[in-house]
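No experiment lies behind these values; they were computed from the predicted model shown. Naming: A, B, ... by sequence-line order, numbering from 1 per chain.
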Amino acid sequence: MEKTYNPHTVEDKWYHTWMSKGLFTSKPDERDPYTILIPPPNVTGVLHMGHMLNNTIQDVLIRKARMNGKNACWVPGTDHASIATEAKVVAMLREQGIKKSDLGREEFLKYAWEWKEKYGGIILEQLKKLGASCDWERTQFTMDEHYYRAVIRVFVDLYNKGLIYRGMRMINWDCEAKTALSNEEVIYNEAGESSIMYSVRYEVENDKNGIIIATQRPETIMGDVALAVNPMDERYKHLIGKIALVPFINRRIPIIGDAYVDKEFGTGCLKVTPAHDVNDYEIGQRHQLPVIDTLSADGTLNEKCELPEFYGIDRFAARKLIVKKMHEAGILVEEKTFTTKIGRSERTNTVVEPRLSEQWFISMKAFSQRALEAVENNEIKLHPAKFKNTYRHWMENVKDWCISRQLWWGHRIPAWYFPNGEMIVAETIDEALALAKKKNPDIKREDLRQDDDVLDTWASSWLWPVAVFDGFENLDLKTGKIAKKTQDLAYYYPTNVLVTAPEILFFWVARMIIAGYEYMGDMPFKDVYLTGIVRDKQGRKMSKSLGNSPDPLLLIEKYSADGVRAGMLFSSPAGNDLLFDESLCEQGRNFTNKIWNALRLIKGWEVTNQTGDKGNQIAIEWFDSRLSQVLSETNDLFEKFRINEALMSIYKLIWDDFCSWYLEMIKPAFGQPIDRETLNQTIHFFDTLMRLLHPFMPFITEEIWHLLDDKNKEDSIMLASWPKANTVNNELLSIYGAAQAIIIQIRNYRKTKNIPQKEMLALYTSNQNTDLSECYPIIMKLCNLSAIEGKTNNIPNAYVFVEGETEYYIPMSNDIDLEAEYERINKEIVYLEGFLKSVTNKLNNPGFVSKAKLEIVEMENKKKADAELQIALLRKQLISLQSN
RNA sequence: GGGAGCAUAGCUCAGCUGGUUCAGAGCAUCUGCCUUACAAGCAGAGGGUCACAGGUUCGAAUCCUGUUGCUCCCA
């Protein structure tokens with residue numbers, strides 16, 4: 001056997017074996033299902049550390065469930081990610097010198113699909129390297145034909161139910177890409193940008209002074225519909241209700257009072273331009289003001305601005321122009337430079353324009369109620385639970401959801417418009433035409449024009465838990481209910497766990513819950529495990545632009561998939577950010593090597609049919625108990641979704657308890673054989689440990705499992721059963737704990753006195769009739785003792801220590817350093833006296849004795865007695881040292 | 001501006017209904033060791049006023065109030 005474990009061939013071998021045997025596939029049967037749906041990564045994505053963490057956790061859960069005898073089904077897939085993908089395709093085309101607008105919709109989509117076919121599957125392929133046991137035959141894409149149909153049908157259904165409506169809304173508009181942007185796609189430079197505040201005088205009817213407003217955007221004044229001041233502002237109070245005139249075009253607009261206006265900011269007087277600012281829009285709504293939209297989609301001024309010289313002029317050129325014009329007219333009172341935050345498009349970096357446009361909305365309030373309750377009363381559990389607060393806050397203040405996007409890549413909104421402006425919502429153009437003909441028999445197919453917009457990505461992924469099982473095929477549009485569940489849907493829904501990032505708790509998780517209750521009348525999943533964000537060592541979020549994210553595949557190359565999986569899990573409690581450090585993967589890799597070497601040790605032993613010594617028997621009994629103990633702990637931790645702690649306890653069980661203690665205890669002397677019984681037990685333990693570890697480190701556990709004994713080649717540890725705990729012998733564990741303490745004392749003695757392990761020592765004890773005597777063979781073996789004997793007479797030159805109520809003596813050679821011994825024992829006594837004092841104080845406190853629980857008081861009494869005894873024993877030893 | 005969360009060893013974090021799981025784990029550090037499975041290792045050690053200030057209590061890392069510092073979400 002190789003001295004170090006070589007994972008590369010092993011990992012490839014087993015992944016292929018698992019795949020070719022179809023061990024990942026799941027079909028409904030009589031077993032209980034255990035289902036996880038992957039949060040579909042964007043097709044544009046390549047695997048990053050966040051995916052690594054997220055999918056490792058899912059794989060751990062699914063493999064554990066499979067071993068528990070569940071019918072485990074992990075459904076993989078990808079999200080079409082409308083904005084992100086479209087941006088990628090546009091950029092790719094641009095490099096080839098092709099403009100999206102020149103292509104037209106059909107042509108562009110062809111390119112987009114090509115792109116998707118080529119790159120869309122990369123991330124899933126990468127997941128295989130990680131060992132992900134997804135049922136790849138179920139791989140889904142949110143724009144698969146059946147999925148597309150589902151999204152459209154749900155749109156029609158919600159429209160029929162009156163939950164979808166069209167409305168005006170201020171959106172973030174990218175004038176270059178000519179598309180709406182979500183808030184997330186608008187980037188603000190933290191430091192701010194330099195801008196100019198212009199103070200402009202407006203004439204006011206019947207007031208010779210006029211009024212001075214402040215604005216950063218003078219090119220929008222032609223869209224003004226009012227001026228606003230704070231009603232409490234003494235300077236302007238008298239002007240409220242009067243009429244001002246918009247410069248150059250002399251539109252008559254009212255001066256209104258609105259508390260929104262900040263008296264301190266600018267001149268304290270605000271021009272209200274509802275079409276071009278969110279706050280202005282809201283003021284306009286409050287005061288029933290009209291909306292005058294002077295900007296076209298490409299950012300140029302249009303005829304609404306009433307000044308022909310500005311038609312078709314870009315907004316920034318228009319700004320310069322109007323400033324000049326105002327200057328000439330003598331109404332520009334002041335120009336002042338200041339710093340402000342300007343929103344820019346993430347994609348094109350152009351200044352984002354607030355723009356009023358007609359959009360589609362889902363009204364959320366009514367049908368999100370059930371989703372709120374479900375989390376409130378723990379029908380759906382969030383892990384960690386602290387996210388409940390966040391969830392509640394959002395759900396209680398839920399706003400209507402704008403679902404239309406001015407893009408081509410995505411699910412096109414199924415609304416058809418007639419020439420007269422009327423509209424019909426239907427799944428297909430044929431249905432739309434049929435409906436249209438009822439209203440107007442003369443209408444023809446060519447007369448119908450489909451809405452140009454597509455749906456928000458989340459408006460497809462929120463259907464994921466139902467759509468991956470084809471649930472919407474049977475959505476009856478007459479009743480708005482799923483008429484019949486497919487076999488898969490009936491079996492796998494609700495799924496068990498969703499593992500995802502907290503930042504999409506609302507975008508995705510909450511909406512899946514809403515859709516789940518709306519269409520299935522049931523939750524989409526029972527538990528939600530929220531992972532943290534993977535950050536670098538300095539706490540910065542890992543990102544491409546910072547270049548601080550390691551390439552996961554290179555990491556796997558370097559540390560093996562098992563090593564990286566362990567590394568990801570070692571320090572990532574649910575919901576806490578993970579400060580990723582490559583050394584964690586190293587730790588994981590070292591662990592695989594440790595396991596490998598434990599196998600090498602066992603494999604190197606010759607077997608004898610003679611019976612083993614007593615020490616082996618007690619070692620076996622002890623480890624069996626310890627194993628059962630950790631197993632119950634682990635099961636408990638799994639139930640609480642404390643995955644990292646589960647791994648850590650198994651890690652310690654294998655490294656410390658099994659390798660450092662157990663194997664050392666039973667290890668035969670060099671060249672000696674081991675008895676068959678002990679070897680068989682040891683192999684059995686090793687087998688159990690591998691099964692315990694398998695969900696975390698699937699590859700090496702499979703390899704070792706096969707090498708341990710003659711397994712049937714067809715078997716896989718993937719399908720082996722999760723270990724069952726035996727009864728834990730607590731008494732034995734505590735006896736063993738004492739034995740360990742003694743061993744450590746003796747090792748310590750060797751260390752401080754520089755006595756090599758090879759040199760045999762003798763140990764004397766004041767009390768030989770303890771339960772501990774069972775462990776003597778082990779203590780002798782691990783400490784290389786010649787004997788452990790009862791002390792009959794005084795041992796003059798001895799190193800002494802106290803464990804429990806017993807004194808132990810190691811006779812020392814003549815060059816004993818009395819001084820040092822004296823000091824060591826004295827130090828011990830001082831510590832114990834301090835301890836005793838605090839315990840005594842407590843017991844002397846009448847409040848404590850009368851009010852504390854009885855067990856607590858008893859415990860303190862015992863502590864006191866123990867401490868007193870130990871002090872007495874050490875004092876005795878001091879005296880004997882002195883008499884020396 | 002509104003909301004939520006966090007602060008414990010050098011780092012990452014456990015610490016449940018206040019009391020032997022009470023100050024703990026892993027990593028890192030230091031000191032010995034190439035001891036026949038493993039130096040990707042073994043054996044041992046050191047290290048914390050539990051952010052600060054009050055309060056409740058016989059008893060507070062834990063409960064309450066305030067202060068400071070950080071993080072996230074929404075606007």
How many whole angstroms separate atom [atom1] of [X] from atom [atom2] of [N]?
X	N	atom1	atom2	answer
A/I700	B/A40	CD1	C1'	12 Å
A/I755	B/U35	CD1	P	19 Å
A/I746	B/C42	CD1	C1'	18 Å
A/F387	B/C6	CZ	P	11 Å
A/N593	B/C42	CG	P	11 Å
A/K388	B/G5	NZ	C1'	16 Å
A/K386	B/U71	NZ	P	15 Å
A/F835	B/C22	CZ	P	10 Å

For atom [atom1], what is the distance between [N] and [M], given to the nearest Å?
N	M	atom1	result
B/G69	B/C52	C1'	10 Å
B/U68	B/U57	C1'	27 Å
B/G26	B/C64	C1'	34 Å
B/A40	B/C22	C1'	35 Å
B/G54	B/A45	C1'	39 Å
B/C27	B/G47	C1'	14 Å
B/C13	B/G18	P	26 Å
B/C11	B/A75	P	35 Å

OP1 or OP2 of [N] versus the side-chain N and O atoms of [X]: is any pair under 4.0 Å?
X	N	value
A/N389	B/G5	yes
A/Y651	B/C27	yes
A/R642	B/G15	yes
A/K3	B/A39	yes
A/W655	B/C42	yes
A/K853	B/G19	no
A/N397	B/G2	no

Examine the base of [N] for any acceptor or donor lying under 3.5 Å from a partner atom in the side chain of [X], and report the outcome as yes or no.
X	N	value
A/R747	B/A43	no
A/Q587	B/A28	no
A/K751	B/U31	yes

Partner of [N] by Watson-Crick or G-U wobble geometry, both contacts under 3.5 Å, or none?
N	result
B/A60	none
B/C50	none
B/G69	B/C6
B/A45	B/U29

**Report entry** Row check, A/W173 ring normal vs A/R355 NZ/CZ: under 6.0 Å, within 45°
**Finding:**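 Verdict for A/W173: a cation-pi partner in A/R355.
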Query raised in the report: With a 3.5 Å cut-off and no angle check, do the side chains of A/D656 and A/W661 form a donor-acceptor pair?
Result: no
Query - Donor-acceptor pair between A/D562 and A/S560 side chains, under 3.5 angstrom - result: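 Not at all, the side chains of A/D562 and A/S560 share no donor-acceptor pair under 3.5 Å.
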Query raised in the report: Any chance the rings of A/Y651 and A/F570 have centres within less than 6.0 Å?
Result: yes
Query raised in the report: Do A/F685 and A/Y662 have ring centres separated by under 6.0 Å?
Result: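 Yes - the distance between ring centres of A/F685 and A/Y662 falls below the 6.0 Å cut-off.
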Reckon [X] touches a base, only the sugar-phosphate, or nothing at all at heavy-atom distances under 4.0 Å?
X	result
A/R750	nothing
A/I744	sugar-phosphate
A/F591	nothing
A/S660	sugar-phosphate
A/E664	base
A/K652	sugar-phosphate

Report task. State whether A/K558 and A/E582 are salt-bridged, where the test is any N-O pair (Lys NZ or Arg NE/NH1/NH2 against Asp/Glu carboxylate O) under 4.0 Å. Result -> yes
Query raised in the report: Between A/N597 and A/H393, who's closer to the 5' end of RNA chain B by nearest nucleotide?
Result: A/H393
Query - Residue met sooner reading RNA chain B from 5', once A/N845 and A/I602 are mapped to nucleotides - result: A/I602
Query raised in the report: Just one of A/K388, A/K381, A/R392 clears the salt bridge (Lys or Arg N to Asp or Glu O under 4.0 Å) bar with A/E376, so which one?
Result: A/R392
Requested in this report: Using salt bridge (Lys or Arg N to Asp or Glu O under 4.0 Å) as the criterion, point out the one residue from A/K862, A/K864, A/K863 that pairs with A/D866.
Outcome: A/K862
Check every atom of [options] against the side chain of [X] and return the nucleotide holding the closest atom.
X	options	value
A/M859	B/U20, B/G15, B/C38	B/U20
A/T4	B/A40, B/G2, B/G26	B/A40
A/L601	B/A37, B/G19, B/A40	B/A37
A/F507	B/C74, B/G5, B/A37	B/C74
A/N748	B/C38, B/A40, B/G44	B/G44
A/F506	B/A25, B/C73, B/C38	B/C73

Query - Test applied, ring-ring contact (aromatic ring centres under 6.0 Å, His included); reference residue, A/W462; option that passes from A/W401, A/F507, A/W508 - result: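 Single pass found, and it is A/W401.
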